[in-house]
> 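Right, I'll just put the structure down here and ask away after.
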Amino acid sequence: MLKSNGSGLDIEGLQEFLFVFGRDKKLEGVILTMRKERLRAVAELLRTKYTPAHEDLPFVGDASATYHMGESLARIEAPHLSSSMNVLYLTHRLQAAYDSGSALEEAEHRRRQAEKF
């Protein structure tokens, strides 16, 4: 992984970015942390380059959207009470690895909780 504050990239509202590399040292994802005020503008831009799969962009509450193009996807995650949002560009392979890791963590959490009873 490679992390930076994004200065010099000239992306409006960018606070930080993270490049995620796979085991083969190829770029698998980019995570941009941006000011949440850019939510609608970013969604509009992604809509022009990617096919929308899901958009839930309320004025109040958690906002999220997913867009697909070929072997990659773009996702917006904007928590309700946060001033920042994440814009993720991921390969489907990285997304699948993240999803399976999250499922394993959840199963382990449930197992630990069950042991306490």
> Mind checking whether Tyr89 and Met1 sit in one hydrophobic cluster, side chains of I, L, V, M, F, W, Y counted as touching below 4.5 Å?
no
> Would you call Ile76 and Val42 a side-chain contact if the rule is heavy atoms closer than 4.5 Å?
yes
> Examine Phe21 and Leu94 and state if one hydrophobic cluster contains both, with Ile, Leu, Val, Met, Phe, Trp and Tyr joined whenever side-chain heavy atoms are less than 4.5 Å apart.
no
> Leu46 and Ala74: which non-hydrogen atoms are nearest, and at how many Å?
CD2-CB, 4.0 Å
> Anything under 3.5 Å between a donor and an acceptor, one on a side chain of residues 6-18, the other on a protein residue two or more places apart or in another chain? List them.
from  : atom 1 : to    : atom 2 : distance (Å)
Ser7  : OG     : Asn5  : OD1    : 3.1
Gln15 : OE1    : Ser84 : OG     : 2.8

> With side chains defined as the heavy atoms from C-beta onward, is the minimum distance between Met69 and Thr51 less than 4.5 Å?
no
> Are Phe19 and Ser4 packed together at the side-chain level, in the sense that at least one heavy-atom pair is separated by less than 4.5 angstrom?
no
> Just wondering, do Arg93 and Glu71 contact through their side chains at under 4.5 Å, heavy atoms?
no
> Taking the side chain as every heavy atom from C-beta outward, state whether Leu32 and Met85 have any atom pair closer than 4.5 Å.
no
> Enumerate, atom names and distances included, each donor-acceptor pair closer than 3.5 Å involving a side-chain atom of residues 53-62, sequence neighbours excluded.
from  : atom 1 : to    : atom 2 : distance (Å)
His54 : NE2    : Ser64 : OG     : 3.0
Glu55 : OE1    : Arg47 : NE     : 3.4
Glu55 : OE2    : Arg47 : NE     : 2.7
Glu55 : OE2    : Arg47 : NH2    : 3.1
Glu55 : OE2    : Tyr67 : OH     : 2.6
Asp62 : OD1    : His80 : N      : 2.7

> Drop me the distance from Thr91's OG1 to Leu73's CG, to the nearest 0.5 angstrom.
8.0 Å
> Please answer whether the main-chain N or O of Pro79 pairs with a side-chain N or O of Lys36 as donor and acceptor at a distance below 3.5 Å.
yes
> Kindly give the heavy-atom pair with the smallest separation between Arg75 and Glu77, and that separation in Å.
NH2-OE2, 2.5 Å
> Any Lys/Arg nitrogen of Glu28 or Lys26 sitting under 4.0 Å from an Asp/Glu carboxylate oxygen of the other?
no
> Roughly how far, to the nearest 0.5 Å, is CD1 of Ile31 from CG of Asn86?
6.5 Å
> Do Val87 and Leu27 share a hydrophobic cluster (ILVMFWY, side-chain heavy atoms under 4.5 Å, transitive)?
yes
